[in-house]
Enquirer: 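Sharing a structure with you now.
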Amino acid sequence: AFALVPSVRLFIGPEATIGAFIASGADKTARALLQGAGFVALGIGPQVQLELAFNLAYAAGSPSLALGGGTFRALVRF
């Protein structure tokens, strides 16, 4: 993560994942999975953080799958 505004604890950054997509339903074909995300995080005090991420994933195969979406979460460290 990169500190966009260090005095406010505002961070941005990329995230990448390489793995496998294995369904447990009718089609049990394993596919290579490539996933990327960009996120923004805001620290509120020393223990609370809010995060917003935009996700895009591609599972190669026949047929291929393209997945997209977003995530919002709040973290509390104790």
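Counting begins at 1 with the first residue of the sequence. These numbers come from the heavy atoms of this one structure, side chains and all, not from hydrogens, waters or symmetry mates.
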Enquirer: Show me the donor-acceptor pairs within less than 3.5 Å that the side chains of residues 2-13 make with the rest of the protein, sequence neighbours left out.
Expert:
| residue | atom | partner | partner atom | Å |
| --- | --- | --- | --- | --- |
| R9 | NH1 | G45 | O | 2.2 |

Enquirer: Please enumerate all residues that pass side-chain contact (heavy atoms from CB on, under 4.5 Å) together with A59, with sequence neighbours excluded.
Expert: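 side-chain contact (heavy atoms from CB on, under 4.5 Å) check on A59 returns F21, R31, L33, L65.
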
Enquirer: Can you sort out the partners of S62 under side chain to side chain donor-acceptor pair (under 3.5 Å), two or more places apart, ordered by chain and number?
Expert: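 Partners of S62 by the side chain to side chain donor-acceptor pair (under 3.5 Å) criterion come out as none, since no residue qualifies.
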
Enquirer: Hydrophobic clusters here meaning ILVMFWY residues chained together by side-chain heavy-atom distances under 4.5 Å, can you tell me if L42 and F54 are in one?
Expert: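 They do share one cluster, since a chain of ILVMFWY contacts under 4.5 Å joins L42 to F54.
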
Enquirer: What pair of heavy atoms forms the shortest contact from Y58 to S64, and how long is it?
Expert: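 In terms of heavy atoms, the two residues are closest at OH-OG, 3.1 Å.
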
Enquirer: Run through the side-chain heavy atoms of Ile, Leu, Val, Met, Phe, Trp and Tyr, join any pair under 4.5 Å, and report what else lands in L34's cluster.
Expert: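 Via sub-4.5 Å side-chain contacts, L34 links to I18.
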
Enquirer: Are T71 and N55 packed together at the side-chain level, in the sense that at least one heavy-atom pair is separated by less than 4.5 angstrom?
Expert: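 They are in contact (side-chain heavy atoms under 4.5 Å apart), so the answer is yes.
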
Enquirer: Does T17 have any side-chain contact (heavy atoms from CB on, under 4.5 Å) partners at least two apart in sequence or in another chain, and if so, which?
Expert: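 T17: side-chain contact (heavy atoms from CB on, under 4.5 Å) contacts with Q35.
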
Enquirer: So do the side chains of L50 and F72 get within less than 4.5 Å of each other, counting heavy atoms only?
Expert: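 A side-chain contact exists here, since the closest heavy-atom pair is under 4.5 Å.
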
Enquirer: Excluding sequence neighbours, so at least two apart, what forms side-chain contact (heavy atoms from CB on, under 4.5 Å) with E51?
Expert: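 With sequence neighbours excluded, E51 shows a side-chain contact (heavy atoms from CB on, under 4.5 Å) to A41, Q49, R73, L75, given in chain and number order.
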
Enquirer: According to a hydrophobic-cluster definition based on side-chain heavy atoms being under 4.5 Å apart (Ile, Leu, Val, Met, Phe, Trp, Tyr only), do L56 and L52 belong together?
Expert: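 Cluster IDs for L56 and L52 differ.
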
